[in-house]
Amino acid sequence: MNKMLTEQDFIFKNNSEDMPEKGSFTWKTPSNIALVKYWGKRDPQLPENPSISFTLDACFTMTTLEFNKSSLVQDDKEINFDVFFEDEKKDDFKPKIQRFFQRIKQYVPFITDYDFVIRSRNSFPHSSGIASSASGMSALALCIMSLEKELSENMTETFFHKKSSFLARLGSGSASRSIDGELVVWGNHNDIQGSNDLYGIKFPSIIHDNFKNYHDTILLVDKGEKQVSSTVGHDLMHGHPFAEKRFEQAHQNLSELNEILQNGDLKKFINIVESEALTLHAMMLTSNPYFILMKPNTLSIINKIWEFRAQTNSNICFTLDAGANVHVLYPESEKKLVNNFIVSELIKYCQNNHYICDRVGLGAKQFE
Ligand code: PMV
């Protein structure tokens, strides 16, 4: 079932004359939070180490792609499109999307035959410090794959998912993990069958009940624009003094997490997940130029979580992405206990007391 596909397999070959004139597709795709982090890449958007993430549920992007057969012969020119975000025309979003189209064109050459209108909205506030590239790019990739499906009669669901993830990856690495639920691995790892650098796969083993319906309450510590983009951060791993050790460590952590996700050992889970979060930020602190994305309140929250865990033996833990916000992770069985703690002790560290209650989700969904 998990036959590994190569780059060649993703090149669209059907030369059908029978192309739809116009239409639209809509996909709702989730954000994800990495447990073992992807930090460091090489061309073309291939990860230096494997990563794994929980797919989220409440944080999502909803994108409609309208397509219209173009009257112009477009040859090698740029793809013609307009983009609207929350009903507002957003020309400043265009360069990133144009780059994405140019990167994927060799795999979906039919996109040059169309003019597009992209209409997108996020469930989370735009300036919340939550990266929208994973959900945004995966939604767009899925819409394009829906169009490819119209042109290819016998496309299997498995191929559809793999190529969607493959295309999404070319938009934003972590977007490759936003197609499927509930746990997705991206990047080649010896212990995980089918894992590879080209696209994300659903975690192939049975997940222990302890990790079913896992919660992620996102504490919005700083909603401002990040001072350093993840593109710059990834680049700083080239020639980073600790890069090789870090990549090795990610392999090791994923080996251990692979076992833990199956045997349900929550204490070991906490240890790996928190260490991964701090290591990600340690890489930023020790790059050149160095930078800090955590804020004083990020550290206050972490210390509070550690105190609470020591007092109650709860299995609450935290992770971070490339920003100041804190993702508070906990099992379904501790929902009440941890929610009370968050509301009484942690919300005060959030900007305007804002936080988002999320949990593990099942992956992208198409809307008619
Ligand atoms: O997908 P990018 O290029 O924005 O990189 C995301 C990197 C992290 O969010 C920090 C970690 C990860 O694995 O998602």
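Whatever order the structure lists them in is the order used to number ligands and atoms, beginning at 1.
- Within the model, atoms OG1 of Thr55 and CG of Leu362 stand 8.5 Å from one another, a figure rounded to the nearest 0.5 Å.
- Glu259 has no carboxylate O lying under 4.0 Å from a charged side-chain N of Lys268, or vice versa, which leaves the two without a salt bridge.
- For ligand 1, the atoms closer than 4.0 angstrom to any heavy atom of Ala34 are 12 (C), 13 (O), 14 (O).
- In terms of protein heavy atoms, atom 7 (C) of ligand 1 is closest to Tyr38 O, 3.5 Å.
- Summary of contacts: the protein heavy atom closest to atom 1 (O) of ligand 1 is Ser174 OG, 2.6 Å.
- At under 3.5 Å, not a single nitrogen or oxygen of Ser51, backbone or side chain, sits near a nitrogen or oxygen of ligand 1.
- By the neighbour-count criterion of 12 heavy atoms within 6.0 Å, atom CG of Asn340 is densely surrounded, having more than that number from other residues, nucleotides or ligands.
- Side-chain N/O atoms of Lys41 and Gln45 include a donor and acceptor closer than 3.5 Å.
- Annotation: the span from Leu46 atom CG to Glu48 atom CD amounts to 9.0 Å, rounded to 0.5 Å.
- Here is the list of ligand 1 atoms found below 4.0 Å of a heavy atom in Ala322: 10 (C).
- Separation of the Phe67 and Phe110 ring centroids does not fall under the 6.0 Å cut-off.
- Of the protein's heavy atoms, His234 NE2, 3.0 Å lies nearest to atom 3 (O) of ligand 1.
- Counting protein heavy atoms only, atom 4 (O) of ligand 1 is closest to Ser230 OG, 2.8 Å.
- Using a 4.0 Å cutoff on heavy atoms, Arg177 counts as a contact of ligand 1.
- When only non-hydrogen protein atoms are considered, atom 9 (O) of ligand 1 lies nearest to Asp321 CB, 4.0 Å.
- For the pair Ser165 and Ser176, the tightest heavy-atom approach, listed with the atom from each and the gap, is OG-O, 2.8 Å.
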